[in-house]
Number of protein chains: 2
Amino acid sequence: METLPEQLLFRLQEQIVRGELTPGQRLAESELASRYGVSRGPLREAIRRLEARRLVEVAPRTGARVVDFDAEQLADVYQAREALEGMAARLAAQAMTDAEIEQLSQLLDHHEQSIAADEGQHYLQDEGDVDFHYRLAAGSHNAVLVGMLCDELYQLVRLFRHRFSSVRDRPITALSEHRAIVEALRERDGELAELLMRRHIAKARRSALSAFADAQANAAGTKVKSASTERTATKSSFQTTTSD
Amino acid sequence: METLPEQLLFRLQEQIVRGELTPGQRLAESELASRYGVSRGPLREAIRRLEARRLVEVAPRTGARVVDFDAEQLADVYQAREALEGMAARLAAQAMTDAEIEQLSQLLDHHEQSIAADEGQHYLQDEGDVDFHYRLAAGSHNAVLVGMLCDELYQLVRLFRHRFSSVRDRPITALSEHRAIVEALRERDGELAELLMRRHIAKARRSALSAFADAQANAAGTKVKSASTERTATKSSFQTTTSD
DNA sequence: TTGACCCATATTGTCGACAATAATCTACGG
DNA sequence: CCGTAGATTATTGTCGACAATATGGGTCAA
């Protein structure tokens, strides 16, 4: 059986990423502890680990809040991701086995089918996309890169997407970019793989930023004075375009 | 006044980086707690934060140990650093103010004087080098990059260096590389700054790896069966060359 | 002598309680 | 009516204790 803080970490992380805990919302230790039927100790540790993943911000003697990011923070995350994942692609071109590359290619086949079948929820497509990037990061066989990407940045990306309920109008474009990357891996061309990955993510960054700007503008229109006590960020769930 | 886990974090971090706590050494909660005159709670939190910084490894229900890295882990850190710091240099070329760049340049002047004066301890030179990279990372004005580099990777690099007691036989080379980077910043050439920084760190990686290999060989010569109970990694403190 | 099994010990995981600090509400004065 | 000061309440920071588990030593048998 797992240790308690670990379980709490994953449960809270899912709640945050899936928007069940809204950005800016306060995380009271006692309340959450009693809700999950544990003591404050393990829950406190879970919150600190969420802080390390940048999913919550804690101020000393004040408590923890779910992150409420702005455009700058969003850009920061994508820039860091561009650097790390570019390097991961470069390394993966040499480190991945033929079998791993083939597996990755098959994953893209599966994505193509999902898109063709038009499986309604971009929800699933997003998770599939994360899955691709997740596996490629793992393919670098670099524990530091894997940790930074999978444990920190990808969770934030998932949060961003859910927050915007962004649907990609060009999953086909993203898919073809993914295929190009896999092709570079097949040819063991690390330099090309890095270049393609960086362009891919730079594109995603621009899309995400414009989506955020739109959401911001929309929120400004339907503006209600958000109570400072429990400022539950106005959940603007309209459709925007994001390709990644 | 700061919070208790914060203080403990820094104190333990210094102890680890400076080698006062040797790689592989066990960190018993009760013992450390009584030593620092605190309870197990805050100390436990400090250890978890050290884990997030990759300075200790904790196994559930077994306890925490100071990291004992191998060549692979060392390479992983430098590769991640190459990616992140390259991006930081690129961003800094646009984000840093003229005053910040000038300040950085003056720091290098100070380094040059230190080298000319041959201030015995490469100790100080190392810290100066870290200072340069630290400030450049900050110059990116990207909170994610700063956090990943300053809080995680730089501490590990400091640990590596102390572990090898590596002295750089070419601090002049490193200095000229630093100057070239600053020059690129002055010209606001982000692309060049990234390229130079990546080459700079790649060079440092190769030096560190060969230094590690030498240390490994040396340790094999003076091999004593290290007690598994308190395996205090054979502190091989001989001179090697590392340029960074 | 060597190996495995069992028991004693030490350490970690978890809990509830107390102390210190921040946030909130109320009352008072301008 | 509004702003400020004080008191009250709630929440976090820290502590010590108990329970569960891993580690180490000793014993016994082969």
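Residue numbers start from 1 in every chain, and the chains themselves are labelled A, B, ... in the order their sequence lines are given, proteins ahead of strands.
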Peer 1: If you take any heavy atom closer than 4.0 Å to DNA chain C, which residues from residues 31-41 of chain B end up in contact?
Peer 2: B:Arg40
Peer 1: In this structure, how many angstroms lie between the C1' atom of D:dA10 and the CZ atom of A:Arg61, rounded?
Peer 2: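 Distance check: A:Arg61 CZ to D:dA10 C1' gives 15 Å.
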Peer 1: Select one nucleotide: of D:dT12, C:dT12, D:dT14, the one nearest the side-chain heavy atoms of B:Leu4.
Peer 2: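 The listed nucleotide nearest to B:Leu4's side chain is D:dT14.
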Peer 1: Is a side-chain N or O of A:Asp76 found less than 3.5 angstrom from the main chain of B:Asn142, in a donor-acceptor match?
Peer 2: no
Peer 1: In whole Å, I'd like the distance from the CD atom of A:Glu29 to the C1' atom of C:dA22.
Peer 2: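 Value for this atom pair: 14 Å.
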Peer 1: Using atom CD of B:Glu45 as one end and atom P of D:dG13 as the other, report the distance to the nearest whole Å.
Peer 2: 8 Å
Peer 1: In Å and rounded to the nearest 0.5 Å, what is the CD to CG distance from A:Gln15 to A:Leu8?
Peer 2: 11.0 Å
Peer 1: Base, sugar-phosphate, or nothing: which does B:Leu43 touch, judged by heavy atoms less than 4.0 Å apart?
Peer 2: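 No contact at all - B:Leu43 keeps every heavy atom at 4.0 Å or more from the nucleic acid.
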Peer 1: According to the interplanar angle, ranging from 0 to 90°, do the rings of A:Phe160 and A:Tyr78 count as parallel (below 30°), tilted (30 to 60°) or perpendicular (above 60°)?
Peer 2: parallel
Peer 1: Provide, to the nearest angstrom, the distance between the CZ atom belonging to A:Arg65 and the C1' atom belonging to C:dA22.
Peer 2: 13 Å
Peer 1: Quick one: on DNA chain C, does A:Thr62 or A:Pro42 contact a more 5' nucleotide (nearest heavy atom)?
Peer 2: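 Per heavy-atom nearest nucleotide, the more 5' residue is A:Pro42.
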Peer 1: Does a side-chain N or O from B:Arg44 land closer than 4.0 Å to OP1 or OP2 of C:dT11, or not?
Peer 2: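 No, outside the criterion.
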Peer 1: Around atom CD of B:Gln94, are there more than 12 heavy atoms from other residues, nucleotides or ligands closer than 6.0 Å?
Peer 2: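 Incorrect, the count does not exceed 12.
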Peer 1: Could you go through B:Arg48 and A:Arg48, starting from their C-alpha distance and side-chain angles, then the distance that decides it, and tell me whether this counts as side-chain contact (heavy atoms from CB on, under 4.5 Å)?
Peer 2: CA-CA 9 Å; B:Arg48 299 310 157 110; A:Arg48 298 311 155 111; over 6 Å; no
Peer 1: For D:dT12, does OP1 or OP2 lie under 4.0 Å from any side-chain N or O of A:Arg26?
Peer 2: yes
Peer 1: Tell me whether the OP1 or OP2 atom of D:dT12 has a side-chain N or O from B:Thr3 closer than 4.0 Å.
Peer 2: no
Peer 1: Looking at residues at least two apart in the chain, or sitting in another chain, which of them share a side-chain hydrogen bond (donor to acceptor under 3.5 Å, both in side chains) with B:Glu31?
Peer 2: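 Per chain and number, B:Glu31 pairs via side-chain hydrogen bond (donor to acceptor under 3.5 Å, both in side chains) with B:Arg35.
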